[in-house]
Amino acid sequence: MEIKKRNFKHNVDFYQAKWNEPIIFELHQKGEKGVEVPPVDEEITQLVGDGISDLPLEMKRKSKAALPEIGQARVLRHYLRLSQETLGSDFNVEIGQGTCTMKYIPKINEFLVRDPKLTELHPLQDESTVQGILEIFYKLDLCMREISGMDCFTFQPSGGTQALYTMASIVRKYHEVRGEGDQRDEIITTIFSHPSQAATAAVKGYKIITLHPDEDGFPDIEKLKAVVSERTAGFVVANPEDTGIFNGKINEFTKVVHDVGGLCYYDQANANGLLGITRAKEAGFDMCFFNLHKTFAAPHMCGGPATGALGVIEDLKEFLPTAIVDYKDDKYYLNDELPHSIGKIRAFHGVAQTVLRAYAWIRALGADGLKEVAKTAVLNNNYMYSKVRKIKGASAPYIKGSRLEQVRYSWEGLTKDTGVTTEDIQRRMTDFGLHYWTSHHPYIVKQPFTLEPTESYSKQDLDEYISALEQISKEAYENPMIVKEAPQQSTIHQLDEQDFLDHPEKWCITWRAYQKKVIHKQISMSK
């Protein structure tokens, strides 16, 4: 039997299920029930009472929660339909998520985190009853020390931005303890680093100084030397930056900041091209963080639960959020004896499932395996880099040399020639069953698209994705309306993204907000 080879360049053979599915609140039918909540056991009420009478008055509901009332069958249909309309890392080649580092999640690790030995734990249990998971936290700490060169880690931050906020808080507390809190009021970053770096420092009250690239496309060290002073509190940077550019002279930057008394902290949310090759310590950093839900093969989980694993040098250990997991006298315990701790960043100690997944992934690979991850990720990226730049209308601005583990490309040439934008191409890619990400705002690279193949994808996977981009470029030049009117056969709709992104009064992040801003407004206008 002859198997016909799929021609990715000319055939669009992806057809996605489409359902005009309402959101779950719109499925509400008063009186329908999906579950019957069991009454509280009598022995519990005898022990603690009803639990309600002891609550402060302001914490008691005056009316029932406005939750949708839906039968089980309709709930099942609803979520199955949504799953059929969803693209994800287990469903398609997820190269196009860019800086989010979508890679294969070993399924055996999913069995580990679903084991009742973990799922039935509670963070308020006595330490003596949770020695197993405390051991995992502690041993992952030891692994992360080896990978980064740092001296102690916390897994409390919920993700990268919260880890950046935590590091900015440590910078603030460090200078306050030294009596320089008011004097040192400036944080330096770079234009290609993630916007959360500047944002979190600004939330802590710092003035932000942004370095722009030199004529070769790298951060300009002469500009850094010109802005450092006795007011410098710290320097925060991603390296490689979100464009995929790696600054090989980063230790010169950290030395300049240290020479004026500032701290240096490192955004390693994505360290996929660095494992076993370079470390934060040797680059001169005082702190760094890794996103376990990126580099270390834990899922993003639609924005959470995630973990920004944050490491510090020994001199900064006392400033970490409490508590950290430590080991003494043959037992693991929660150490809250940190004299200058910034306090808690979130409840409890971190997402245990994410920590376990990352630990299992590291132990399965070992040191040589981690280095192989980095080498393969860099190889995949530079293969793709060489191919995408040959597509008509595409480019990779700023530097001409190789990139590390990702690239922020540009369709600026194609847009000038055809009027087709990167948002048009984003919608058209869904017709191929592929995901595609542009960039975070503001768009420093014009008409951007950000690709990261990671180590998970084969050459065939890369060629499939590249072929889709080639096909869309051809369509843009020959019949641009195919692209501009996309999607043709996927589930998404065209939105006025710019209008809604720019006007907070139109944002609707909850059903209640949508009712107030859209439905009630439409009703009042109709009257």
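Residues Pro157 and Thr166 share a closest heavy-atom pair of CG-OG1, 3.9 Å. Shown here for Met287 and Val312, the closest heavy-atom pair between the two residues is CG-CG1, 3.5 Å. For the residue pair Ala198 and Thr189, the shortest heavy atom distance occurs at CB-CG2, 4.3 Å. Between Phe253 and Lys249, the shortest heavy-atom distance links the atoms CD1-O, 3.4 Å. Residues Leu118 and Ala352 come closest through the heavy atom pair CD1-CB, 4.1 Å. Minimum heavy-atom separation, Asn109 to Ala360: OD1-CB, 3.5 Å.
The aromatic rings of Tyr327 and Tyr332 are tilted relative to each other, their planes meeting at an angle between 30° and 60°. Ring geometry for Phe137 versus Phe155: interplanar angle over 60°, hence perpendicular rather than tilted (30 to 60°).
Remark: side-chain polar atoms of Asn335 are not paired, donor with acceptor, to backbone N or O of Ile324 under 3.5 angstrom. Side chain of Thr450 to backbone of Thr438: a donor-acceptor contact under 3.5 angstrom is found. Between the side chain of Thr190 and the main chain of Val237, no donor-acceptor pair closer than 3.5 Å is present. Although no hydrogens or angles enter the test, the distance criterion places a donor-acceptor pair under 3.5 Å between the side chain of Gln426 and the main chain of Tyr436. Within the 3.5 Å criterion, the main-chain N or O of Lys204 finds no donor-acceptor partner in the side chain of Tyr165. In this structure a side-chain-to-backbone donor-acceptor pair under 3.5 Å is missing from Tyr174 to Ala233. With Ser410 contributing its side chain and Lys446 its backbone, the two residues share a donor-acceptor pair below 3.5 Å. In this structure, Tyr138 contributes its side chain and Tyr333 its backbone to no donor-acceptor pair below 3.5 Å. Of the possible donor and acceptor atoms, none in the side chain of Asp336 sits under 3.5 Å from a partner among the backbone N and O of Thr322. When atom types are taken as modelled, the side chain of Ser395 and the backbone of Pro397 share no donor-acceptor pair closer than 3.5 angstrom.
With hydrogens and angles left out, the side-chain atoms of Thr254 and Tyr266 include no donor and acceptor closer than 3.5 Å. Donor-acceptor pairing under 3.5 Å is recorded for the side chains of Asp267 and Gln197. Inspection of the Lys103 and Asn272 side chains reveals an N or O donor paired with an N or O acceptor under 3.5 Å. Inspection of the Thr101 and Glu452 side chains reveals an N or O donor paired with an N or O acceptor under 3.5 Å. Side-chain N/O atoms of Asp424 and Thr421 include a donor and acceptor closer than 3.5 Å. Glu455 and Asn380 share no donor-acceptor pair across their side chains, judged by distance under 3.5 Å alone. Under the 3.5 Å distance criterion, with hydrogens and angles disregarded, no donor-acceptor pair is assigned to the side chains of Gln460 and Glu464.
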Item to check | Full working for side-chain contact (heavy atoms from CB on, under 4.5 Å) between Ser467 and Glu470 | outcome: CA-CA 5 Å; Ser467 294; Glu470 291 172 339; 4.2 Å; yes

Checklist entry - side-chain contact (heavy atoms from CB on, under 4.5 Å) between Tyr265 and Ile187: does it pass, once the steps are laid out? => result CA-CA 10 Å; Tyr265 58 109; Ile187 293 284; 4.1 Å; yes

Checklist entry - Step by step, would you call Arg346 with Val351 a side-chain contact (heavy atoms from CB on, under 4.5 Å)? => result CA-CA 11 Å; Arg346 57 165 291 168; Val351 181; 3.7 Å; yes

Next on the checklist: Working note: Met384 + Tyr465, criterion side-chain contact (heavy atoms from CB on, under 4.5 Å); need CA distance, chi angles, decisive distance, verdict.
Outcome noted: CA-CA 9 Å; Met384 199 162 197; Tyr465 201 95; 3.6 Å; yes

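Remark: Asp242 CG to His194 NE2 distance equals 6.0 Å, nearest 0.5 Å. For the atom pair CD (Glu282) and CG (Asn251), the distance works out to 10.0 Å, reported to the nearest 0.5 Å. Between the CG atom of Leu274 and the CZ atom of Arg279 there is a distance of 12.5 Å, given to the nearest 0.5 Å. Rounding to the nearest 0.5 Å places NZ of Lys294 at 5.0 Å from OG1 of Thr99. Residue Asp90 holds its CG atom at 7.5 Å from CD1 of Ile105, rounded to the nearest 0.5 Å. Atom CZ of Arg403 sits about 11.5 Å away from atom CG of Leu451, to the nearest 0.5 Å.
Between Phe449 and Ile425 the shortest side-chain heavy-atom distance does not fall below 4.5 Å. No side-chain heavy atom of Met144 sits less than 4.5 Å from a side-chain heavy atom of Tyr359. Val420 places none of its side-chain heavy atoms less than 4.5 Å from the side chain of Trp411. Residues Phe319 and Val177 form a side-chain contact, since some pair of their non-hydrogen atoms from C-beta on lies under 4.5 Å apart. The shortest side-chain heavy-atom distance between Leu224 and Val257 falls under the 4.5 Å cut-off. A 4.5 Å side-chain heavy-atom check between Ser193 and Glu241 finds at least one atom pair inside the cut-off. In this structure, the side chains of Arg357 and Leu292 stay at 4.5 Å or more apart for every pair of heavy atoms. Taking 4.5 Å as the limit, some side-chain heavy atom of Asp141 sits within range of a side-chain heavy atom of Cys152.
We find that Asp185 and Lys207 are not joined by a salt bridge, their nearest charged nitrogen and carboxylate oxygen being 4.0 Å or further apart. Between Arg428 and Asp431 there is a salt bridge, since at least one side-chain N of the basic residue sits less than 4.0 Å from a carboxylate O of the acidic one. Between Glu252 and Lys255, none of the side-chain N atoms (NZ, or NE/NH1/NH2) sits under 4.0 Å from a carboxylate O, so this pair counts as no salt bridge. Under the 4.0 Å criterion applied to side-chain N and carboxylate O atoms, Lys416 and Glu412 are assigned as salt-bridge partners. One finds no salt bridge joining Asp463 and Lys387 here, because no Lys/Arg side-chain nitrogen approaches an Asp/Glu carboxylate oxygen to under 4.0 Å.
Atom CZ of Arg389 has more than 12 neighbouring heavy atoms from other residues, nucleotides or ligands inside a 6.0 Å radius.
The side-chain tip of Lys107 points at the ring of Tyr104 from less than 6.0 angstrom away and within 45° of straight on. Note that Lys392 lies in the cation-pi zone of Tyr477, set by a 6.0 Å cut-off to the ring centre and a 45° limit from the axis.
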